[in-house]
Amino acid sequence: MLREIRPAILVLVVLTAITGLAYPLAMTAIAGAILPKQAQGSLIEKNGKVIGSALIGQEFKEGKYFHGRPSATVTPDPSDSSKTVPAPYNAANSGGSNLGPTSKALNDRVKADVEQLKAENPSASVPVDLVTTSASGLDPDISPEAALFQVPRVAKARSMSEEQVRQLVTQNTQGRFAGLLGEPRVNVLALNLALDGATAK
């Protein structure tokens, strides 16, 4: 019996060492050598301090900043652990709201968001990604249309011309990968940092 068990134990130990230790360590080392910034989480620094990641959205509430997509992520309520409270862009609890098109709560929230956005820019139609959440709740990007929609508000709050702010949006718009995959997008954190830099000048 020991003769049958010994090969099974040996295979388990060898495969655990290969797939559980050697392979992950090798991939981590290769990723760190080839793409060091991405391997460390695509962190963004300002004045030597990490202020975010290019891969995870942040909540910007002030009118002088571009706003990202709404986030449906939540966290446990500190006063009642059986309930949750909104925690936008909570990377520890990635997920969508799971509310469907017949949900009254979803419809009420979207209507309120649309009305607020129309008040900001009544001459343009509201881009859908400014009122809908992503599946992860962490989306760091918005469409170029969503960024351009916000230009009048941001320009007014910063005492800048709309043309200056539009140029920043254009400069921070990323195209499709290899010209084929994905959609054009604007990273909200990168755009807001460029906006801060332009205002400082």
Side-chain angles (χ1 to χ4, degrees), residues 42 44 46 51-74 86-90 94-201:
S42 299
I44 296 176
K46 183 177 181 181
I51 58 166
S53 168
L55 305 175
I56 298 176
Q58 292 185 19
E59 186 174 33
F60 293 95
K61 290 185 177 181
E62 295 177 74
K64 66 179 184 174
Y65 287 113
F66 285 89
H67 302 161
R69 291 185 76 168
S71 174
T73 57
V74 295
Y89 305 103
N90 178 9
S94 172
S97 68
N98 293 331
L99 299 176
T102 59
S103 167
K104 184 179 183 321
L106 176 64
N107 285 322
D108 290 346
R109 194 220 15 108
V110 169
K111 282 179 186 174
D113 288 353
V114 168
E115 286 175 16
Q116 182 182 347
L117 289 165
K118 278 187 175 178
E120 284 181 15
N121 189 353
S123 63
S125 59
V126 177
V128 70
D129 56 325
L130 285 181
V131 294
T132 56
T133 61
S134 65
S136 70
L138 307 176
D139 199 342
D141 303 320
I142 55 176
S143 65
E145 294 77 21
L148 291 170
F149 178 88
Q150 300 179 65
V151 164
R153 170 181 48 81
V154 173
K156 183 178 178 183
R158 297 254 180 180
S159 300
M160 295 173 70
S161 73
E162 291 188 16
E163 185 54 38
Q164 286 176 298
V165 180
R166 272 194 207 91
Q167 284 178 355
L168 286 172
V169 170
T170 302
Q171 290 166 6
N172 285 277
T173 298
Q174 301 169 1
R176 291 178 170 88
F177 179 74
L180 299 170
L181 303 175
E183 293 295 325
R185 63 206 179 281
V186 179
N187 186 282
V188 178
L189 178 56
L191 177 57
N192 284 333
L193 286 172
L195 191 60
D196 281 344
T199 306
K201 289 175 187 174

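Just so it is clear, the model here is predicted, and its values are computed rather than measured.
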How about [X] and [Y]: do any of their side-chain heavy atoms sit closer than 4.5 Å?
| X | Y | result |
| --- | --- | --- |
| D129 | D139 | no |
| Q174 | P184 | no |
| R158 | D196 | yes |
| E120 | P152 | no |

Keeping the roles fixed (side chain from [X], backbone from [Y]), state whether a donor-acceptor pair exists under 3.5 Å.
| X | Y | answer |
| --- | --- | --- |
| T73 | A87 | yes |
| Q58 | I51 | yes |
| S94 | S136 | yes |
| D113 | V131 | no |

State the [atom1]-[atom2] distance between [X] and [Y], to the nearest 0.5 angstrom.
| X | Y | atom1 | atom2 | value |
| --- | --- | --- | --- | --- |
| Q167 | Q164 | CD | CD | 7.5 Å |
| T133 | L106 | OG1 | CG | 7.5 Å |
| K104 | L99 | NZ | CG | 12.5 Å |
| I44 | L189 | CD1 | CG | 4.0 Å |
| R109 | S103 | CZ | OG | 9.5 Å |
| L191 | F60 | CG | CZ | 9.5 Å |

Between [X] and [Y], what is the shortest heavy-atom contact and its length?
| X | Y | result |
| --- | --- | --- |
| A119 | P122 | O-CD, 4.0 Å |
| R185 | G175 | NH1-O, 3.0 Å |
| A198 | L168 | CB-CD1, 3.9 Å |
| I142 | H67 | CD1-O, 3.8 Å |
| P144 | T173 | CG-CG2, 3.7 Å |
| S71 | Y89 | OG-N, 2.9 Å |

Between V186 and F66, is the side-chain contact (heavy atoms from CB on, under 4.5 Å) condition met? List the steps. CA-CA 10 Å; V186 179; F66 285 89; over 6 Å; no
Is it possible for you to check whether R153 lies under 6.0 Å from the centre of the six-membered ring of Y65, through NZ or CZ, and within 45° of that ring's axis?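 Not satisfied by the 6.0 Å and 45° rule.
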Passing candidate, side chain to side chain contact (heavy atoms under 4.5 Å, CB included) with Q150, options V165, L130, V188: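 Filter result, single survivor: L130.
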Take S134 and R69, measure what side-chain hydrogen bond (donor to acceptor under 3.5 Å, both in side chains) needs, and give me the verdict at the end. CA-CA 7 Å; S134 65; R69 291 185 76 168; 4.9 Å; no
